[in-house]
Amino acid sequence: MIASMLGSVAVPISVGAAVGNPVVTLGGVPGSTGHVVQTGSEVFDGLGECSGAAPLAPPVAYPGNDCGPGDNVVRTNDVVSYGYSLGVSNLDGPSDPAGAEFVDDVHFTQTITPGSPDAVVAFASMPSACRTGTNPDTGNPYVPQSSIVTDGSGSSTLTCNVGRLDGPSQTIFLQTQVRVDSDSKNNADFTASDTICETDGGCTPVSTRPEVTGADSVDATADNTAYVSAAPRFDLAKNKYGPNDAGVITHPSTGELGFLYRFYETIEVDAASDGKGSSPLDGDLTFSDMMYVQGTTTQVPLFEMHPTSTNDCRWNDHASRPVPFGDGSLGPAGTNVIATGDVTCTQSAPGAPIDFTLSGTDTSGDRFPTKGSNNSTSLQPPYYVASLYNYVWVPFEVIDRYDPAAACDAADTAAGFAAPFCGEVDTVGDLPVTNCVYDFDPNATDALGNPVSNYGADLEPGIYGAGTGLNNCQNTSFILRNRGGAVKYFHSEVISSGYVGGVLPGQTAYHTGDGPIEPGQTFATAARQYNNGTFPANNARLCERIDNMTGTLIGMVHIMLPFLILPVYNAMKAIDQDYLKAASNLGASPRRAFWTVFFPLSTPGLFAGSLMVFVLCLGFFVTPAVLGGGKVIMVSMKIVSNIELFVNWGAASALGVVLLVLTVAILWAASRFVNLGAMTGGGH
Amino acid sequence: MFGWLKKPASETQITHGQRLWLYIFSGVVMVLLVAPTLIVIPMSFSDSQYLEFPPETWSLRWYNNYFGSPEWMNATYTSLSAAFLTMLVATPVGVVAAYGLHTSRFPLVRLAFVMLITPMMVPVVLVAIGAFYVFVKLSLLYTMTGLVLAHSILALPLVLIVTGSALKSYDMNQELAARSLGAPRWKAFLTITLPQIRFAVVTSALLAFLTSFDEVVIAMFISGGDNPTLTRNMFNALRDQIDPTIAAISTIMIIVTSVMMILAQVFGRGSSKR
């Protein structure tokens, strides 16, 4: 997957005439200078692997794409490879008989300086041609000695003394690598400045150029530009968990009624990134969670962590899955990237963000997943490293009051509410909420040691407004109805059409390995959103297999078979065997005896059993819901969705009455022919 | 060796050979009936993160996951309590109802019987939404009381039918004799009738337990909050995230259910032998 992506750039740069002969030039050989970003060579497919498909047009359409030719994104832990040639040539021409001109201590320096936002970059290797120690040609130490110096401000300087260059013509190739550390911020850049010096000629600046900067496409003639895509090493994703995990809870201290809903936060490593952008967790991990009114930056007032729930802020069992390590081997069951750890959550006041801190985490540094949990490259979800969940309680009054159109009066203000929470208090309301995770930050700290985000202040996904991404958020609606009590409505949707996960429009690169997902496309029943674009679609495979009428029918037949067999068996058992004997005594063949004597006598049981099965099947819910994959909709499911999802008691009741009348009518009609009381059964 | 094929299978002179296709067909049906069980149990011992059959590697991790999860444990506790309480509520009520229907000369007795077994015939989703609506009004939503009430409604018809059929084969004259000897009616029932139908009562109690334990649809509506039932959580988990914990729980449930059914059979047989 790692391959040289860029054609080498041949821009010989003349140092200019130095004093004396010969002249030293930088870049004497075409095709040997410039820098090369070594990165992926193909497009990531939906599995996060390079698929070999045509690349998406960089950088705007899909800036996170890391593996196509023409990609100019430098990944964290990618290597930016610089190649230079230093040449010496004798400009006096061939008439010089001796050809003995030489220069000593030719040295090349390159300084890379982080721009803003910061790229954390450093030279990763010393070119083999760089000398240290004593020059055998002169017997004196090399001046200067070759070195790599990284100073406190983050810039890194390579000094490379190549020693003596002889005339009439000699070329030395230098190759060095710059590694972009994963602490780099998104869209970071850095600048490189090069000089070349010789002992008797002083130093000449070769060039000063932005090395890694904005969205310039790469070609062989322009200066090589690329920009840094800094993924957080661990990524946080929110995950829906079931529509029924919301409920109605009375506040234990005030007695106020409120809406309780549980959410998951999943901390995971991008399984598709092949180690890139993933480095070990070596410190406390913090992040915050906040609730906003959907589509705004308005915070939801008064929401709080559920005051008494013992399940607050708890690591979930997902952490018990085995970890494929960086080398592709599968860790023993029960080992985790974050094998240890303790999570605490605090909320300073109702309505304030909930701050999470994970401490005591694994620091061994060799653990990150690269493949699916069984080391397969087949369709896999992002790897769950650990997850936690928490309960949030929202007062009904807040849901009730939400009304963007309502004006605030003195009473609202007195009650402590401001727009848009000034609507009528009438136990009816619909509050669209977005629950966002932000400030997720595994390791990065600023100069003072305070945690900062990998994304930088204005690029971090997860907070509404200010041109930020939305994909760390999850939409939820809390709906109150004054009939039928509080009815829950919880859904997750594609916030920005066109992408689920992946890189959102308007958001610049961060690490991703996934393709765009069409608007309206649904994978499985749980829509998930991630901020690093590893949308799993794992259930799609399972659904495809069983998502049909046939599967539902097989399942229903399987469950219903005993309900038919029992009455038929009872009816047959009651038939006097002497009839059959009489029939065969009168010359009937066994087959004829069966069809003309036995079978007609057993029909009441068959009839009753069939009716029973039909009636019971009318009300089926669980089997089609599980096996139908959302495509086989039976009346019961329609009734349930009318109530749970659409809060439409009228429609549900009408369907219910139809179902009931149908059932009763069939049973009544049947009871005129067969004795139904003798049968037993149960509903499914 | 295959001589048995030529022997008659019944008094109608049909040989086993002629019936061979029937045996094969019956075998296929039996396999169909048992197959899901045979698939679920191995899957629960899989080491894979996904439901996988046959499993490539084996482990007990999903059982570990189940027993180590407070959520699942809480749900299991809720289910077991609800089932036990349902048994305690539905069995006496059902037995008394069956006794009443059996002895009553009231003209509308048949109608009453039909009314009482209605919950078994009516699609359970209708019972569920009805219970949901009423329980919201009565503040019984997500409470154990509500769950037990609703499940008792479902279990009642089973108790009624099982106990009722036992009463039919019981000679009421014995109780009449006791009463004519001066025993009050309740005493005659408790000391004469009840001991003789006790196997049916135990069977119906077990069935009531199972009815509640296996029930999903009603639980989906009226259980939740601090009292989610196991089946409800399983259904949600199956719908939202498929992992082998479900298979592990299913295996445990299959075992529990089978044991209960065997117990019911054993007691039922005891009853019929008498």
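From a predicted model like this one, the values you see are computed outputs, not experimental measurements.
- Neither the backbone nor the side chain of A/Leu618 comes within less than 4.5 Å of any heavy atom in chain B.
- When every heavy atom of B/Val125 is checked against every heavy atom of A/Ser636, the shortest pair comes out as CG1-OG, 3.3 Å.
- Side chains of A/Val640 and B/Phe221 form a contact here, defined as non-hydrogen atoms less than 4.5 Å apart.
- Chain B forms the most heavy-atom pairs under 4.5 Å with one residue out of A/Val557, A/Ile565, A/Thr663, A/Val657, and that residue is A/Thr663.
- Minimum interatomic distance between B/Pro123 and A/Gly619 (heavy atoms only, all atoms of both residues): CB-CA, 3.7 Å.
- Residues A/Ile639 and B/Leu126 have side chains in contact (heavy-atom distance under 4.5 Å, counting atoms from C-beta outward).
- Using a 4.5 Å heavy-atom cutoff, the side chains of A/Phe621 and B/Val124 are not in contact.
- Counting heavy atoms from C-beta outward, A/His558 and B/Leu33 have side chains that approach closer than 4.5 Å.
- Surrounding CE of B/Met73 are more than 12 heavy atoms belonging to other residues, nucleotides or ligands, all under 6.0 Å away.
- B/Val122 pairs with exactly one of A/Leu660, A/Leu667, A/Leu659 by the side chain to side chain contact (heavy atoms under 4.5 Å, CB included) rule, that one being A/Leu660.
- No more than 12 heavy atoms of other residues, nucleotides or ligands sit less than 6.0 Å from atom OH of A/Tyr569.
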